[in-house]
**Q** 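Before I ask anything, let me first share the structure, which is written out below as structure tokens.
Here the structure is a predicted model, which means the values were calculated and not measured. Residue numbers count from 1 along this sequence. Atoms within each ligand, like the ligands themselves, are counted from 1 in listed order.
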Amino acid sequence: MPEMTQIRQLTRPRSDQLPRARQQLLRDGYCLVDGLLPVGSIERLREWSDGWLARTEHPSHWKYQGSDVKINSIRNRSKRSPDLPQDGVVDFLIEHPSAIMSGLGLGDFKAGGVFQIISKPPDAPALYWHQDWARWDDPISMSPWPQQVFLNWYLTDTHVENGCIRVIPGSHLKRFELHDHLVQAHEAGGYNIKETNEWMFIDHPDAIDIPVKTGQLLIGDARLLHGTHPNRTMTRRTVLLGWFYRKSNVAPMDWDGDIPQEIVERDPETPFRFNREPGRYLRQ
Ligand SMILES: O=C(O)CCC(=O)C(=O)O
Ligand SMILES: [Fe+2]
């Protein structure tokens with residue numbers, strides 16, 4: 001999508017917005033900012049994603065997400081998933097928000113290289129409560145700063161009726177009773193749950209809905225508990241979701257808050273082990 005990147009003056013964020021958004025990201029686990037997209041981007045992205053959705057067979061385990069079409073970028077390609085189809089639109093989605101990321105103090109984050117097309121068709125069920133962090137055996141799970149975030153571009157305005165996201169603010173750093181009742185997300189268990197599962201779809205008293213306007217960018221900590229409402233409308237609700245990561249497992253250079261002792265003492269050789277189950281590093 002080369003036309004999009006030409007309009008440089010639109011990609012610089014307003015100066016007061018981002019420091020406040022950063023505070024919210026640290027405290028609540030998410031923030032919503034102006035995505036500064038060039039005119040016409042949403043329509044183009046909708047056309048692009050509708051094309052992929054139409055060409056892709058939807059397996060039954062996509063029921064709760066709606067779809068999970070993964071597309072690799074070209075210039076920022078994920079080497080872990082070399083077989084995914086590649087598309088330059090994903091490079092735009094990765095590169096466009098770089099000034100926003102810097103303004104949020106996330107300038108040291110790198111894109112995973114892939115975006116997911118997650119689209120709820122008309123009459124689609126809710127997405128269950130889950131969190132997406134999978135390094136719970138590692139003391140870095142306690143970081144008061146984000147280590148992994150999702151960037152969500154919604155391609156329609158979202159609201160409760162068409163399946164907007166809902167979150168439990170603060171759940172990225174604090175254990176809620178709900179944590180102990182959840183089946184782990186997606187391939188770790190969520191794919192196979194029943195729609196009648198009470199905990200996975202609970203109307204939790206601490207949950208808040210996050211309706212999003214097209215053009216806004218929702219950024220969330222991977223540890224945040226989130227889910228969605230069902231889509232009860234006749235129009236599909238699509239989000240383009242990409243993961244961004246910090247490579248370093250020590251405090252950011254400019255971090256002036258506390259650093260948990262567990263992180264100070266963390267063995268730099270701690271091996272990666274996939275574990276989505278929050279354990280002793282998520283405290284009450
Ligand atoms: O559909 C959404 O709004 C969020 C999707 C999500 O969180 C996921 O697929 O892990
Ligand atoms: Fe998620």
Side-chain angles (χ1 to χ4, degrees), residues 25 28-32 35 42 45-46 49-50 52-53 56 58-71 81 93 112 114-136 146-169 171-172 178-179 182-193 200-201 204 207-233 235-245 274 276-278:
L25 177 62
D28 296 337
Y30 72 94
C31 65
L32 196 54
I42 292 292
L45 291 168
R46 208 182 287 143
S49 56
D50 284 349
W52 277 106
L53 288 163
T56 307
H58 288 42
S60 58
H61 68 252
W62 281 356
K63 169 172 159 184
Y64 295 115
Q65 285 168 295
S67 67
D68 186 9
V69 181
K70 292 187 170 74
I71 313 284
S81 313
L93 292 167
V114 171
F115 259 76
Q116 293 162 247
I117 305 172
I118 297 176
S119 187
K120 286 188 180 308
D123 238 350
L127 176 60
Y128 39 73
W129 285 108
H130 68 283
Q131 55 79 35
D132 294 295
W133 177 252
R135 297 174 63 191
W136 284 108
Q147 283 285 123
Q148 180 185 339
V149 294
F150 58 78
L151 267 58
N152 278 10
W153 296 99
Y154 289 91
L155 302 185
T156 50
D157 290 354
T158 65
H159 40 81
V160 171
E161 275 302 299
N162 72 349
C164 72
I165 193 168
R166 51 183 183 168
V167 309
I168 299 185
S171 57
H172 60 311
L178 181 57
H179 277 108
L182 294 180
V183 175
Q184 299 315 311
H186 310 329
E187 70 285 354
Y191 285 165
N192 302 316
I193 64 163
M200 293 298 274
F201 298 103
H204 195 277
I208 61 163
D209 300 323
I210 309 185
V212 178
K213 291 255 177 253
T214 55
Q216 289 183 311
L217 173 60
L218 177 71
I219 300 182
D221 192 302
R223 298 167 292 185
L224 181 71
L225 283 175
H226 60 283
T228 75
H229 288 280
N231 183 3
R232 297 194 178 91
T233 69
T235 311
R236 69 166 49 258
R237 188 237 63 170
T238 300
V239 61
L240 307 180
L241 183 157
W243 288 107
F244 289 66
Y245 306 82
F274 184 97
R276 276 193 191 259
E277 182 88 46

**Q** Ignoring hydrogens, just give me the one of Lys120, Arg237, His130 whose non-hydrogen atom is nearest atom 2 (C) of ligand 1.
**A**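 Shortest heavy-atom distance from atom 2 (C) of ligand 1: Arg237.
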**Q** With heavy-atom distances below 4.0 Å as the criterion, list the atoms of ligand 1 near Gln65.
**A**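 So the atoms of ligand 1 that pass are 8 (C), 9 (O).
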**Q** Taking atom 5 (C) of ligand 1 as the point of reference, which of Leu127, Val212, Val239 owns the nearest heavy atom?
**A**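 Comparing heavy atoms across Leu127, Val212, Val239, the nearest one to atom 5 (C) of ligand 1 lies in Leu127.
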**Q** Quick one: angle His226 NE2 - the Fe ion (ligand 2) - His130 NE2, to the nearest 10°?
**A**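 So the angle at the metal works out to 90°.
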**Q** Say whether Gln131 and Trp136, considering side chains only, have a donor N or O and an acceptor N or O under 3.5 Å apart.
**A**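 Distance-only check passes for Gln131 and Trp136.
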**Q** How far is atom 7 (O) of ligand 1 from its nearest protein heavy atom, and which residue and atom name does that atom have?
**A**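 So the nearest neighbour among protein heavy atoms is His226 NE2, 2.9 Å.
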**Q** State whether a side-chain donor-acceptor pair under 3.5 Å links Thr228 with Lys120.
**A**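 Lys120 and Thr228 do have a side-chain donor-acceptor pair below 3.5 Å.
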**Q** Should the pair Tyr64 and Phe201 be assigned to parallel (<30°), tilted (30 to 60°) or perpendicular (>60°) ring geometry?
**A**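 If you compare the ring of Tyr64 with that of Phe201, the planes turn out tilted.
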**Q** Evaluate His186 for polar contact with ligand 1, using N/O atom pairs at a separation under 3.5 Å.
**A**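 Yes, since at least one N or O of His186 sits under 3.5 Å from an N or O of ligand 1.
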**Q** Give yes if a backbone or side-chain nitrogen or oxygen of Thr228 is under 3.5 Å from a nitrogen or oxygen of ligand 1, and no if not.
**A**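 No - when backbone and side-chain N and O of Thr228 are compared with those of ligand 1, no distance drops under 3.5 Å.
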**Q** Counting backbone and side-chain atoms alike, does His186 have an N/O/S atom under 2.8 Å from the Fe ion (ligand 2)?
**A**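 No - counting backbone and side chain alike, His186 has no N, O or S atom under 2.8 Å.
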**Q** With side chain to side chain contact (heavy atoms under 4.5 Å, CB included) as the test, pick out the partner of Tyr154 among Leu218, Thr238, Thr214.
**A**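 Passing option: Leu218.
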**Q** Are Ile165 and Thr158 close enough, and set up right, to give a side chain to side chain contact (heavy atoms under 4.5 Å, CB included), and what steps lead you there?
**A** CA-CA 8 Å; Ile165 193 168; Thr158 65; over 6 Å; no
**Q** Under a 4.0 angstrom heavy-atom cut-off, which atoms of ligand 1 come close to Tyr154?
**A**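 This gives 2 (C), 3 (O) as the contact atoms.
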**Q** For the pair Tyr245 and Trp243, name the ring-plane relationship: parallel under 30°, tilted 30 to 60°, perpendicular over 60°.
**A**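 Because their plane-to-plane angle lies in the 30° to 60° range, the rings of Tyr245 and Trp243 count as tilted.
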**Q** Among the N, O or S atoms that Asp132 has, which is closest to the Fe ion (ligand 2)?
**A**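 Within Asp132, restricted to N, O or S, the Fe ion (ligand 2) is closest to atom OD2.
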**Q** Taking the six-membered ring where the residue is Trp, are the ring centres of His226 and Phe150 under 6.0 Å apart?
**A**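 Yes, the ring centres sit under 6.0 Å apart.
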